[in-house]
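Contents: one structure, followed by commentary.
Model, not experiment: these values are computed from the prediction.
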Amino acid sequence: MVAESEARLKTAIRIARIGLFSYEKSTGTCTFCSEQYAAHFGLMPDEYITKTSGHSPDLSHIHADDLHIIVNAIARLNDGEDQVYEYRALHPDHGIRYISEIVEPVIDENGKVIANTGTSIDVTELRLAEMRLRQSQRIEAVGTLTGGVAHDFNNLLAIILGNLELCLETGRKDDWKARIETAVDATNRGAGLTKNLLSFSRRAHLKPTRLNLNHNVQNTMSWCARVLPKTINIETSLQAGLWDVEVDETSIETSIINILLNARDAMPEGGKVTIETANMRIGEEYMLERGEDIEPGRYVMLAISDTGHGIPAEKLEHVFEPFFTDKGVGRGSGLGLSMVHGFIKQSGGAIRIYSEVGVGTTFKLYFKATTQALVPPKREPHKQFHIPSERVEILLAEDEEEVLLILKRILANAGYSVTTAATGDEALEIFNTDLRFDLVLTDIVMPGSLQGPALAKAIRLIDPNLPCIFLSGYASEATVHGNGLKPSDIRLMKPVSRQELLSAVSKTLSSVDQSN
């Protein structure tokens with residue numbers, strides 16, 4: 001019976017392709033190595049024993065980047081701890097193999113570790129399958145993200161395009177101002193959405209400001225109602241005397257929009273959205289009862305409810321996960337609610353979701369209150385910039401022709417003399433031909449061998465004190481880090497408004513005048 005049991009065990013080990021091995025601690029000698037274990041490394045048992053025995057074993061069969069895994073495991077085994085670990089082995093015929101091992105120390109009657117013994121299994125196919133799955137998920141996530149972002153921005157472009165076309169069609173110039181302001185607002189919302197998306201991917205720094213959520217709700221409603229169907233009725237219940245909060249303004253308004261767009265998708269046949277604000281005092285009792293993970297204190301609560309189809313319980317816990325969406329391709333990025341969640345947590349607040357299938361969904365956002373009141377924000381009129389008293393020459397490098405023409409026109413209308421270039425290489429040629437320029441305004445990313453930072457560096461080898469302003473469609477300062485730029489150089493995020501551009505130019509030229 002014993003022999004039969006041993007035979008069955010050996011058959012099971014062979015079929016499962018499990019390797020067996022043992023090492024003596026005092027000498028570092030491999031005292032046993034099964035054929036399957038040695039085969040992991042393309043060796044025979046006696047070859048493996050000779051290669052790896054002793055206190056200075058040949059470990060060339062282990063991937064160099066994973067040697068620390070083996071060293072750490074041996075140290076813990078010598079301390080009497082069981083070990084489970086995985087590493088990459090180098091097989092002479094089959095390349096990299098993923099080996100998983102379970103090892104336990106052998107302890108004598110005095111409690112001393114005298115050896116270790118273990119089992120192994122080749123998990124390469126499993127790891128490769130996982131990699132293929134992750135790659136497939138990445139491709140699907142990128143596809144979902146692309147469709148969702150396109151969906152959101154198409155709504156904004158529809159507002160911009162529609163209002164500008166109406167300006168062209170109508171001869172009533174008194175109607176132009178309101179329509180152009182609406183288009184400008186939509187453009188700013190698009191810039192805000194871009195910054196939020198880049199914040200999600202790059203964890204960009206938030207810029208908290210003191211504000212009142214009632215005003216932000218009203219500001220958002222003034223344009224968001226245009227992208228929601230008329231079948232959806234929006235009601236607000238905003239508490240008078242609402243406490244102020246200190247949060248990033250773009251992020252809070254984008255959060256409201258994201259939740260509203262989710263509500264819209266949950267009510268394809270129409271319904272009602274209710275937006276409420278309220279002052280709340282959250283104490284220890286409330287936290288224990290509700291399971292809140294925020295500090296006790298004064299909070300402002302923003303609730304957005306819809307009468308949509310609701311979210312099933314099995315999906316509710318996943319709604320804040322990146323790329324999670326049950327919408328079709330092109331109808332949602334799966335990033336909106338995860339960005340909302342990340343922003344609120346980073347701001348020291350909390351978010352809760354309540355939903356019932358067939359009844360609707362409510363999002364409750366909690367923000368810590370501040371003590372100072374806030375004057376309602378007013379739309380600032382466009383600043384009138386004076387024409388320069390002396391001729392100022394600007395070298396402008398931008399590869400997008402339409403953007404180039406707009407920037408040139410804004411600068412020229414303000415009284416500056418502008419010379420343009422479509423690439424950094426062309427801009428350097430122009431500069432080398434004529435050294436009259438007072439300022440370089442350049443895009444960061446352009447075709448050709450010279451990007452914006454490299455262009456500035458090359459020009460400053462000729463004129464070290466020439467000021468530069470950089471334009472970018474990306475929020476990451478890493479794009480220009482380490483290229484010899486000066487701390488005083490201004491970096492503008494596209495799209496750039498007329499006021500922002502002219503302010504940057506004026507500030508840069510003024511700082512040059514003061515230093516001379």
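Under a 3.5 Å cut-off, the side chain of R460 and the backbone N or O of L466 do form a donor-acceptor pair. Judged by distance alone, the side chain of T370 and the main-chain N or O of D244 form a donor-acceptor pair under 3.5 Å. Between the N214 side chain and the Q239 main chain, a donor and an acceptor come within less than 3.5 Å of each other. Between the side chain of S34 and the backbone N or O of G19, no donor-acceptor pair lies under 3.5 Å. Side-chain atoms of E398 come within 3.5 Å of backbone atoms of E400 as a donor-acceptor pair (strictly under, hydrogens ignored). With hydrogens and angles ignored, the 3.5 Å screen pairs no side-chain donor or acceptor of D443 with any backbone N or O of M446. No donor-acceptor pair under 3.5 Å is formed between the side chain of T119 and the backbone N or O of V103.
Taking the side chain as every heavy atom from C-beta outward, I353 and I311 approach each other to under 4.5 Å. The closest side-chain heavy-atom distance from P105 to D82 is below 4.5 Å. The shortest side-chain heavy-atom distance between I232 and R264 falls under the 4.5 Å cut-off. K25 has its side chain out of reach of I114: every pair of non-hydrogen atoms, C-beta onward, lies at least 4.5 Å apart. Side-chain contact check for L211 versus V245: some heavy-atom pair is nearer than 4.5 Å. When side chains are defined from C-beta on, E249 does not count as touching R210, because their heavy atoms never get closer than 4.5 Å. Residues Q451 and V445 form a side-chain contact, since some pair of their non-hydrogen atoms from C-beta on lies under 4.5 Å apart. L302 has its side chain out of reach of N216: every pair of non-hydrogen atoms, C-beta onward, lies at least 4.5 Å apart.
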Please walk me through it: do D122 and I99 pass side-chain contact (heavy atoms from CB on, under 4.5 Å)?
CA-CA 5 Å; D122 187 326; I99 308 301; 4.1 Å; yes
Evaluate K51 against C30 for side-chain contact (heavy atoms from CB on, under 4.5 Å), listing each step before the verdict.
CA-CA 9 Å; K51 179 184 176 77; C30 179; over 6 Å; no
Report the C-alpha distance between D425 and S449 in whole Å, list the side-chain angles of each, state the deciding distance to 0.1 Å, and finish with yes or no for side-chain hydrogen bond (donor to acceptor under 3.5 Å, both in side chains).
CA-CA 7 Å; D425 303 87; S449 59; 2.4 Å; yes
Using the side-chain contact (heavy atoms from CB on, under 4.5 Å) rule, take D399 and T423 through it: C-alpha gap first, then chi angles, then the decisive distance, then the call.
CA-CA 6 Å; D399 62 299; T423 66; 5.5 Å; no
Under the side-chain contact (heavy atoms from CB on, under 4.5 Å) criterion, do Y85 and I70 qualify, and how do the steps go?
CA-CA 8 Å; Y85 53 91; I70 306 298; 3.9 Å; yes
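For the atom pair CZ of R491 and CG of L471, the computed distance is 12.5 Å after rounding to the nearest 0.5 Å. The distance from atom CD of E276 to atom CE of M301, rounded to the nearest 0.5 Å, is 6.0 Å. Rounded to the nearest 0.5 Å, atoms CG (D306) and NE2 (H309) are 8.0 Å apart. Between R298 atom CZ and N279 atom CG the span is 7.5 Å, to the nearest 0.5 Å. Once rounded to the nearest 0.5 Å, the distance linking CD of E86 with OG of S120 reads 12.0 Å. The distance from the CD atom of E35 to the CG atom of D46 is 10.0 Å, given to the nearest 0.5 Å.
Residues G271 and T307 come closest through the heavy atom pair CA-OG1, 3.5 Å. Taking every heavy atom of both residues into account, L455 and A397 meet most closely at CD2-CB, 4.2 Å. Contact between I344 and L365 at its shortest, heavy atoms only, is CD1-CG, 3.3 Å. L260 approaches V273 most closely through the heavy-atom pair CD2-CG1, 3.6 Å. In this structure, V300 and A369 approach most closely via the heavy-atom pair CG2-CB, 4.2 Å. Of all heavy-atom pairs spanning I444 and F470, the tightest one is CG1-CB, 3.9 Å.
The one candidate from H63, R97, E101 that meets the side-chain hydrogen bond (donor to acceptor under 3.5 Å, both in side chains) condition with Y87 is E101. A side-chain hydrogen bond (donor to acceptor under 3.5 Å, both in side chains) with Y23 holds for exactly one of T117, T29, T31, T52; it is T52.
Counting heavy-atom neighbours within 6.0 Å of E81 CD, excluding the residue itself, gives a total above 12.
Taking the six-membered ring where the residue is Trp, Y37 and F41 present perpendicular rings, their angle passing 60° and hence far from 30°.
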